[in-house]
Each structure stands twice: as structure tokens, then as C-alpha cells.
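Report on the structure given below.
Numbers here are sequence positions counted from 1.
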Amino acid sequence: MLHCSFDRDVTWRTGVQLVPVVCASSNNFKITKSALEDAYGEAQEKNIRVKGLLITNPSNPLGTFLDRETLKWIVSFINEKSIHLVCDEIYAATVFTNQHNFVSVSEVIEEDTECNRDLIHVVYSLSKDMGLPGFRVGIVYSYNDAVVNCARKMSSFGLVSSQTQHLIAAMLSDDEFVDRFIAESKERLDKRHEDFTEGLKQVKIDCLNGTAGLFVWMDLHRLLKDQSFEAEMELWKVIINEIKLNVSPGSSFHCSEPGWFRVCIANMDDSTMKVALSRITNFMDRNKDQNTEVKMPARKLCRQSSLKLSLSRRKVEDFMSQSNMSPHTPFPQSPLVPART
């Protein structure tokens, strides 16, 4: 499963091709050795030269994280294939389960004396764990000197201000504050996840059993008129336009099964969460019959006006092209949502 921004961040400027590793709901979307081998073989059949494996741990959008044994065989896999492993650990401190602790890939390779550490790279940021997205502070932790030197040169195009560095250094030096902040954050995430998923259960909506992250992976496949990604997009438009909830369709994360949606649950207060759940409840009450096709509401005609906007077909196609779409659009699976009056 790939976060939708990878299509933009990794491919647009570089020309890199992404080959998703297919995970299935039958085993809770866990990554498997056979799935990795299949994806690698698929790339070779398409004459794609595989340079690396990119994973998010904890996962966005699943809200789960990889255990130590899984990380061990992933490291073995990339060493066997002699490809790089880029591990995005931006949600490392959001694990809210008490049963298992988060394990970084850097911990795993400390135990693997035969691992080629030049192939291991970790990326991180303060935007999620510490709630500081506006500070734009990111980290590349690599055992490869060539990668570090390249990153150091590229960082000159996005330097962190002296004021921000001073504030961040002072904050992170306060161990007591950081420990209390992360502990409180985990406790609140745990409660929010429990409250939201329990609310969904009341209307018979299932979710993946999440243990980390800021979101819920919601299963709405029974509301699709047919099990296709076209039907998923139709349902997504209903959720956006009729229910008035901002969710992301599974297809924008390269999900192999239609009907899954990501819901961000940490960017709202308790009263907003109750409003969201009430809207979902009302919608489900109107569609109790599982075989009822969910339809888009009829569009209202806008009042006629003398103001006209004229664009040639080529201009429209240019505007909708990949290079001009909003960087926040889950391209290419999710279309732009047109404004309505």
C-alpha cells in the first residue's frame, strides 16, 4: 500500500515508476514475502529496473506497523536483491497499543551483521509525532555516505531557519516535556480511535484493527453498486458532496480491493467527530438495504448569468494535465472535485 503523495513526490520530477506491492484484506493487508516477490517479478517482466523498496512504518493509510520479524525478512529481501530500502518512519511515535512497541529498521540492522547498511535509509519528520507540520523540518538518516552528501547539498534549497532550529533544539532537549507530550498524544489517539470505530460499528461499518497513525481504514465495499474502482469513485463523490466528509478512496493508495477509504481522525475536536459520526449514521440509515445503489444527488442548475468563461479544449486538457494539478490532489486515481454553488 502506497501513500497517495508518493505518486507526486517520488515520480513527477524523477520519472521513477512505482510498482505497488499488493496486500489483501484476507490477512489484514499485511505485507508478505510472496507479495514482494510477485511485485519484483512483475517489474522485471515490464523491463523495469528495480532500484529499491519504499515502505511506510507505521503505515499510512492502514494505521498498522511492522513487527521485528517482518522487518528482518524485508531487510534480507533487499540484501538478496541488492536494492535499496527507504523506510518512512514519520508516524513512529503514534503507536498507541500497549501490546507491542514500535521497532525501527535501524534497530533491526544493528542485529544483522551481514546486512549491507549502505542500502538502508530512514526518513522522518516532526510534523506528525510532535504536531509541527508548519515547521517543515525533515530528517534523512542513512548509512550511505554518498546519499548523505547528496542530501546535504540538496538541503540548501530548503534550509530550516535559525529561529526554527533554536526553538526545535530547545524543545527536544527537554526530555521530560517530550516524554509527557508523546505519552499524552498516544493516550488521546487511542481514545479517539476507539470512539470513532465504536461509532462506526453502531451502523455496521467495519474498520481495519489499527494500532498506530492518525487515521482509520474504513470498509464500505458493501455500499458499492458493483465491486469496481469506478463504483468506489462514485461512492467517494457521494461522501464528499452529500455526506460532506473529507475522506480518501483506497484507489488513491493503490489498494487492490475497491471499497476501502481512509478517514483522518486526529485533525478534529470531539464535537466535530460527533458531527462526522452523525452524518455517517444518517447516511447509513437512508441506505439500510445493502443492495441499494448509492446515487449522486441531482445537480442544481445555476442561475443564468451574462458572465461566461471560454476555454479551448486544448487549454482545458493542459490545465488538467499532471504537471498543473494541485499538489494536494491524490493523483492519478482521484479526480479534482469541481466547485459547486
Side-chain angles (χ1 to χ4, degrees), residues 1-6 8-10 54-66 71 85-97 100-110 120-144 147-193 210-216 246 248 253 262-269 327-328 330:
M1 203 80 67
L2 289 172
H3 184 254
C4 53
S5 66
F6 289 162
R8 174 193 70 224
D9 299 340
V10 178
L54 173 60
I55 62 175
T56 57
N57 183 40
S59 169
N60 181 2
L62 299 179
T64 58
F65 62 99
L66 304 177
L71 287 170
L85 172 63
V86 180
C87 191
D88 181 354
E89 298 183 354
I90 195 171
Y91 295 98
T94 66
V95 176
F96 49 79
T97 178
H100 302 283
N101 294 323
F102 172 77
V103 178
S104 171
V105 69
S106 59
E107 298 177 57
V108 171
I109 63 175
E110 288 297 324
I120 309 294
H121 321 282
V122 180
V123 294
Y124 183 73
S125 168
L126 299 176
S127 62
K128 309 303 181 183
D129 290 346
M130 301 303 296
L132 299 172
F135 279 39
R136 320 307 294 175
V137 177
I139 300 166
V140 176
Y141 188 91
S142 176
Y143 298 82
N144 189 316
V147 171
V148 172
N149 290 334
C150 179
R152 183 179 292 115
K153 294 175 181 177
M154 292 180 63
S155 68
S156 62
F157 297 101
L159 295 175
V160 179
S161 70
S162 299
Q163 294 87 344
T164 299
Q165 291 186 49
H166 177 75
L167 191 154
I168 292 296
M171 181 186 70
L172 296 181
S173 298
D174 189 341
D175 293 337
E176 181 181 353
F177 165 77
V178 172
D179 290 343
R180 283 192 293 107
F181 182 92
I182 292 177
E184 179 68 19
S185 175
K186 289 183 177 182
E187 185 177 330
R188 293 189 183 190
L189 283 173
D190 187 17
K191 186 177 186 309
R192 173 57 58 82
H193 187 276
T211 51
L214 313 178
F215 21 75
V216 166
N246 185 16
S248 302
F253 301 97
R262 187 197 68 174
V263 186
C264 293
I265 60 172
N267 59 346
M268 62 181 99
D269 56 24
H328 302 290

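The environment of CG in N149 is crowded: more than 12 heavy-atom neighbours from other residues, nucleotides or ligands sit within 6.0 Å. Counting non-hydrogen atoms of other residues, nucleotides and ligands closer than 6.0 Å to OH of Y143 gives a total above 12. Around the CD atom of E107, the shell of radius 6.0 Å holds more than 12 heavy atoms that belong to other residues, nucleotides or ligands. Other residues, nucleotides and ligands contribute over 12 non-hydrogen atoms within 6.0 Å of the CG atom of D269. Atom CD of E184 has more than 12 heavy atoms from other residues, nucleotides or ligands within 6.0 Å. Residue-environment remark: CZ (R180) exceeds the threshold of 12 foreign heavy atoms within 6.0 Å.
Rounding to the nearest 0.5 Å gives a distance of 13.5 Å between SG of C87 and OH of Y141. Note: F65 CZ to L71 CG = 10.5 Å, rounded to the nearest 0.5 Å. Interatomic distance, CD1 of I168 versus CE of M130, reported as 8.0 Å (0.5 Å rounding). Considering OG1 of T211 and CG of L62, their distance stands at 10.0 Å, rounded to 0.5 Å. Atom OG of residue S185 and atom CG of residue D190 lie 11.0 Å apart, to the nearest 0.5 angstrom.
For the residue pair N57 and V103, the shortest heavy atom distance occurs at ND2-O, 3.6 Å. Heavy-atom minimum distance, K186 versus F96: O-CB, 3.4 Å. Taking all atoms of both residues into account, the shortest heavy-atom contact from H193 to I265 is CA-CD1, 3.7 Å. Closest heavy-atom contact between V137 and S125: O-OG, 3.0 Å. When all heavy atoms of S248 and F253 are compared, the closest pair comes out as CB-CE1, 3.6 Å. Across all non-hydrogen atoms, the minimal contact from P58 to T94 is CG-OG1, 4.5 Å.
The only option from T56, N60, D129 that meets the side-chain hydrogen bond (donor to acceptor under 3.5 Å, both in side chains) definition with Y91 turns out to be N60.
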Would you sort out whether V105 and E89 count as a side-chain contact (heavy atoms from CB on, under 4.5 Å), showing the intermediate values?
CA-CA 9 Å; V105 69; E89 298 183 354; 3.6 Å; yes
Starting from the C-alpha separation in whole Å, work towards a yes-or-no answer on side-chain contact (heavy atoms from CB on, under 4.5 Å) for L126 and F135.
CA-CA 8 Å; L126 299 176; F135 279 39; over 6 Å; no
Check against side-chain contact (heavy atoms from CB on, under 4.5 Å), L214 and C264
CA-CA 6 Å; L214 313 178; C264 293; 5.9 Å; no
Please determine whether side-chain contact (heavy atoms from CB on, under 4.5 Å) holds for the pair L85 and I55, giving the CA-CA distance in whole Å, both sets of side-chain angles, and the decisive distance to 0.1 Å.
CA-CA 8 Å; L85 172 63; I55 62 175; 4.1 Å; yes
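Of the possible donor and acceptor atoms, one in the side chain of S155 sits under 3.5 Å from a partner among the backbone N and O of R152. Without hydrogens or angle criteria, R136 side chain to G158 main chain gives no donor-acceptor distance under 3.5 Å.
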